[in-house]
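What follows is a single structure, written as C-alpha cells, with notes after it.
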Amino acid sequence: MHLIETMNTGFFFLAPWLVLAPVIGLLVNAVFGRQLSEKWIGAVASLASGTAFVVSVLLAYSVAVNHGHAVSVPFAEWIHIGDLKLDWTFRVDSLSTTMMLVVSGVGTLIHIYAIGYMHEDVRFKHQEGRFARFFIFLNLFIAAMMILVSGDSYLMLFVGWEGVGLCSFLLIGFWFEMDTLARPSWANSDAAKKAFITNRVGDFGFLIAGFLMFWYLGRSFQFDDVFAAAPAIAETQRWVIIAITLFMLLGVAGKSAQIPLYVWLPDAMAGPTPVSALIHAATMVTAGVYLVARSAPIYTLVPEAQYIVAMVGAMTALFAATIAVGQYDIKKVLAYSTISQLGFMVAAVGMGAFVAGMFHLVTHAFFKALLFLSAGSVILGLERGHHAHAHHAHHEERHKVRGKRKEEREHEEHKEVFDPGDMRNMGGLRKTMPVTFWLYMIGTLALAGIFPFAGFWSKDEILLDANLHYTSVYWQLTIAAFFTAFYMGRQIWMVFFGEARSDAAKSAQESPKVMTVPLMVLAGLSVVGGALNLPFEGFHHLGHWLGYTLGEVEGLPLNLQVAGISTVLALLAIFISWLIYGRNPLKDHQSDPLKRPLGFVFTGMENKWFVDEGYGVLIITPFKKLSQFLAEVIDWRFWHDFVHDTVIAGTYNWLSEVVLNRYADQKGIDTFFNSWGSFTQWLSGNVRKIQNGFVRSYALSVLLGVVLILGYLILK
C-alpha cells in the first residue's frame with residue numbers, strides 16, 4: 001500500500017478534528033454544564049459528534065479523490081527513544097474512514113436521541129444533576145473510538161482501545177448506586193466492574209501480541225513497518241506470527257464479546273439505553289472486528305490462525321443465539337443478539353472475507369442501533385405509563401391506606417416492583433406506541449435477514465464465503481441465523497401483540513420526536529443500507545472502496561441456493577414463533593410456552609447455559625478464596641501480625657527497651673553523666689568553702705597564688 005506523506009489535495013488536514021471536536025464538546029459541558037439548560041447541553045454534545053461526522057465525510061471524499069491512497073497526517077511528537085520514533089499520526093484510508101463514518105454518524109443520532117431519553121430517565125431516577133455528566137461521557141466515548149480507528153500505529157490504536165474500555169466502565173455504571181429499577185443497589189456498579197475486568201483479560205492478550213510484534217517485526221508499532229516485516233518472519237519463524245494473531249484474538253474476544261469473554265456484554269445493559277446502542281452497535285464491540293481487518297496482512301500469512309478465528313466467531317454466533325431464545329429482558333435479548341452478530345463478523349474476517357465482515361459491521365450498526373434505541377423508547381413508554389397509572393391509583397387509594405401504620409403502607413407500596421424492561425410486562429404496544437412498533441419491525445426484519453432489508457445482503461455475503469471455504473462455519477452460522485429470526489419474532493409477539501399484561505402497558509405513551517426522528521433515519525438506513533455492497537456486477541461499491549486498503553477483492557455474485565436456504569429458514573423461524581407466541585399470545589403471569597416442551601434445554605437457555613455460574617465455581621470463587629487467604633493469612637496474620645508486629649515491631653521494642661533503654665541509656669549514658677553530676681556537686685561543695693567572706697582568707701589565697709606563680713617561673 002502506498003503511503004503519501006504530503007497532503008496536496010483534499011481535506012486531510014482536518015483529521016485531528018475527529019478527536020478535537022468531541023473533546024471540545026465534553027470540555028464545554030464539563031466547565032459550563034451547571035449553567036446550561038438540558039437542551040444546550042445536548043446540543044453542544046450532538047454538535048461535537050456531528051462535527052466529527054462532517055470531518056469523516058470530508059476525509060472519505062479526500063480518500064476518493066486521492067485514488068484511495070492512504071495518507072498519514074502528523075499531529076504531534078509522541079515517543080522518541082533512540083531509533084524508535086512514534087508520533088501522534090492519523091491514518092486516513094478507506095478502512096479507517098469507513099469506521100469513522102459509522103462511529104460518528106450513528107453516534108450523532110444516538111446523541112440526539114439521548115437528549116429526549118435522558119431528560120426523562122434522570123427524572124424517573126430523581127437525578128436531574130447528572131444530565132450533563134452523561135453527555136460528557138458520551139463525547140469522551142466518541143473521542144476514544146476516533147483515536148482507535150484513526151491511529152497510524154498499534155500503539156495509538158491501543159490508546160483508543162483502552163479509552164473506550166474506560167468509557168464503557170463509566171457509562172455502564174452511570175447509575176452506579178442503584179439497579180435498573182432505580183432501587184438502591186450496587187448491581188450497576190458490579191456490571192461496570194465485570195465489563196472492565198473481563199476486558200482487561202482480553203487486553204493482556206493484545207499487549208502480549210504487541211510485545212511480540214515489537215520484538216520480532218522491526219522494533220516498530222507503525223502499521224506499514226509491521227506489515228512489511230511480517231512475511232519474512234512468517235517464513236523463518238512462523239510460530240511468531242501464529243502467536244501474535246492468536247494473542248490478538250484474545251483481545252478481540254474481550255472487546256468484541258466472543259467466547260469465552262462475552263459474559264460482560266449482557267450485563268452492560270445496566271447502562272442507560274443510549275449507552276447500550278453506542279456500545280453494541282457502533283463503537284466498542286466493533287473494535288475487535290476492525291483490529292482483525294486492519295491486521296489482514298498478518299492474518300493472511302497463517303491460515304491456521306484464520307481458521308481458529310473463524311471457528312470462534314461461528315461458535316459464538318450459535319451459542320449466543322440459543323441463549324437469546326430464553327431471555328425475558330428486552331435489552332438482554334438484543335445483547336445476546338449482538339454477541340451472535342459479532343460472531344458473524346469475526347467469523348467473516350477470520351475466513352479472510354474482510355469486506356463481508358466490514359459490510360455486516362456497517363449494516364449491523366444501522367439496525368442494531370435502531371433496535372436498541374427503539375427498545376429504549378418502549379422502556380420509557382412503559383415508565384410513563386407506570387408513573388401515570390401509579391399517580392392515578394395514588395389518589396384513588398389514598399383514603400384506603402391513610403389509617404394504616406407507616407410500615408404497612410410502605411410494604412404495600414413496594415411489595416411488587418415493576419420492571420419496564422421485562423417483556424412479560426408488555427403486550428399490545430403496537431396500539432399505544434405505533435411509531436415505535438413500525439420502527440422496531442424494520443429493525444427486526446433487517447436483523448432476521450429478510451429481503452430486501454440491509455441485513456439480508458450483509459449476512460448472506462458472509463454465509464456465501466463460509467459455504468465456499470468452511471463448511472462447518474457455514475452450518476453453524478446458518479443455524480444461528482434461524483435462531484435469530486425466531487427470537488426476534490418471539491420478541492415482537494411478546495412486546496407488541498396480544499393484550500397488555502400490565503397497567504403500565506395499557507397506559508404506555510409514545511416517545512417524543514427528538515427520540516423517534518433519529519430512529520426513522522436509522523430505519524431508512526436499515527432498509528437501503530444493503531445497497532452499499534449488492535452482489536451484482538458494478539454494485540460491489542464497498543468491496544471496491546475497501547479494496548484500496550485491504551487489496552483487490554473479487555465481488556461474489558448472488559448465490560440463490562445460499563440466499564434461498566437462509567431466507568426460507570428465517571421465514572420458517574418467524575412462522576414458528578407466531579405459532580408459539582403470536583397465535584395464542586401470552587397472558588399475565590403465564591410461563592413461557594417453550595418451558596414445558598423443551599424442559600432442561602429451555603432452562604439452560606433461560607439461565608444462559610449456567611456459564612456465569614461455571615465461571616463463579618471455577619474462577620471467581622477460587623479467586624475470592626485465594627484473595628481471602630492472601631488477605632487474612634498471608635497479609636494479616638503472617639505479614640502484619642508475625643512479620644510486622646512480632647519480628648519488626650517486637651525486635652524494635654526489645655532493642656529500644658532492653659538494649660538501648662535499660663543498658664545503653666540507663667546503665668551507660670545515665671551512669672556516666674550522673675557520675676559527672678555527683679563529681680561536680682562534690683567539687684562545688686568543697687570549692688564553696690573557700691568563699692567564707694573573710695578578707696584575711698582572700699588575702700592569704702592571693703598570697704599563695706603569687707607564691708605559686710613565682711615558684712613556677714623561677715623553676716622554669
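In what follows, every heavy atom counts, from backbone to side chain, and hydrogens, waters and symmetry copies are set aside. In this chain, numbering begins with 1 at the start of the sequence shown.
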How long is the gap from [atom1] on [X] to [atom2] on [Y], to the nearest 0.5 Å?
X      : Y      : atom1 : atom2 : value
Leu447 : Leu334 : CG    : CG    : 8.0 Å
Thr108 : Ile142 : OG1   : CD1   : 6.5 Å
Leu246 : Ile241 : CG    : CD1   : 11.5 Å
Leu109 : Ser49  : CG    : OG    : 8.5 Å
Leu301 : Gln306 : CG    : CD    : 9.0 Å
Ile298 : Phe223 : CD1   : CZ    : 9.5 Å

So, for [X] and [Y], which heavy atoms are closest and what is the spacing to 0.1 Å?
X      : Y      : value
Tyr440 : Ser374 : CD1-CB, 3.3 Å
Lys255 : Ala287 : CG-CB, 3.8 Å
Ser46  : Ile112 : OG-N, 3.7 Å
Lys331 : Phe372 : O-CE2, 3.9 Å
Met345 : Leu361 : SD-CA, 3.7 Å
Val73  : Pro16  : CG1-CD, 4.4 Å

Residues which pass side chain to side chain contact (heavy atoms under 4.5 Å, CB included) with Asp267, listed by chain and number, not counting sequence neighbours
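Per chain and number, Asp267 pairs via side chain to side chain contact (heavy atoms under 4.5 Å, CB included) with Ala191, Lys194.
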Met351 and Val309: CA distance, side-chain angles, deciding distance, side-chain contact (heavy atoms from CB on, under 4.5 Å) verdict:
CA-CA 8 Å; Met351 294 184 295; Val309 175; over 6 Å; no
Decide yes or no on side-chain contact (heavy atoms from CB on, under 4.5 Å) for Phe12 and Val63, but give the supporting numbers first.
CA-CA 8 Å; Phe12 295 108; Val63 173; 4.0 Å; yes
With a cut-off of 6.0 Å (strictly less than), are more than 12 heavy atoms of other residues, nucleotides or ligands near [atom1] of [X]?
X      : atom1 : value
Phe539 : CZ    : no
Lys513 : NZ    : no
His80  : NE2   : yes

Between [X] (side chain only) and [Y] (backbone N and O only), is there a donor and an acceptor less than 3.5 Å apart?
X      : Y      : value
Trp17  : Ala52  : no
Ser340 : Ala320 : no
Gln222 : Asp225 : yes
Asn29  : Ile136 : no
Asn66  : Ser62  : no
Asn199 : Gly165 : no
Ser256 : Gly288 : yes
Asn188 : Trp175 : yes
Thr198 : Trp264 : no
Ser72  : Arg91  : no

Any side-chain heavy atom of [X] within less than 4.5 Å of one from [Y]?
X      : Y      : result
Leu265 : Ile279 : no
Tyr299 : Val292 : yes
Met99  : Ser56  : no
Leu18  : Ser150 : yes
Ser295 : Thr245 : no
Trp457 : Phe359 : yes
Leu546 : Thr98  : yes
Lys125 : Asp121 : yes

For a side-chain contact (heavy atoms from CB on, under 4.5 Å) with Tyr290, tell me which candidate from Leu148, Val349, Val102 qualifies.
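That would be Leu148; it is the only one of Leu148, Val349, Val102 passing the side-chain contact (heavy atoms from CB on, under 4.5 Å) with Tyr290.
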What residue among Leu278, Ile110, Leu380, Ile379 forms side-chain contact (heavy atoms from CB on, under 4.5 Å) with Thr273?
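By the side-chain contact (heavy atoms from CB on, under 4.5 Å) criterion, Thr273 pairs with just one of Leu278, Ile110, Leu380, Ile379: Ile379.
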Does anything in residues 346-361 form a side-chain hydrogen bond (donor to acceptor under 3.5 Å, both in side chains)? List the pairs, not counting sequence neighbours.
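As it turns out, the side-chain hydrogen bond (donor to acceptor under 3.5 Å, both in side chains) pairs with a partner in residues 346-361, which skip direct neighbours, are Gln341-His360, His360-Ser458.
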For Phe174, run the ring pair (Phe, Tyr, Trp, His ring centres under 6.0 Å) check against Phe134, Phe169, Phe141 and tell me which one passes.
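Testing Phe174 for a ring pair (Phe, Tyr, Trp, His ring centres under 6.0 Å) against Phe134, Phe169, Phe141 leaves exactly one candidate, Phe134.
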Assess the residue pair Val289 and Leu291 against the criterion (side-chain contact (heavy atoms from CB on, under 4.5 Å)); give the C-alpha distance rounded to whole Å, side-chain angles, the decisive distance to 0.1 Å, and a yes or no.
CA-CA 5 Å; Val289 180; Leu291 176 62; over 6 Å; no
Side chain to side chain donor-acceptor pair (under 3.5 Å) evaluation trace for Asp93 with His69:
CA-CA 7 Å; Asp93 59 21; His69 292 303; over 6 Å; no
Verify the ring-centre separation between [Y] and [X]: is it less than 6.0 angstrom?
X      : Y      : result
Tyr154 : Phe221 : no
Phe135 : Phe131 : yes
Phe367 : Phe453 : no

According to the salt bridge (Lys or Arg N to Asp or Glu O under 4.0 Å) rule, which pairs have a member within residues 38-47, sequence neighbours left out?
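Every salt bridge (Lys or Arg N to Asp or Glu O under 4.0 Å) pair that includes a residue of residues 38-47, provided the two are not neighbours, is Glu38-Arg123.
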Check against side-chain contact (heavy atoms from CB on, under 4.5 Å), Leu170 and Leu166
CA-CA 6 Å; Leu170 296 173; Leu166 168 64; 4.2 Å; yes
Here's one to test your reading of the geometry: is the NZ or CZ of Arg200 within 45 degrees of the ring axis of Phe204 and under 6.0 Å from its centre?
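Cation-pi check for Arg200 and Phe204: fails.
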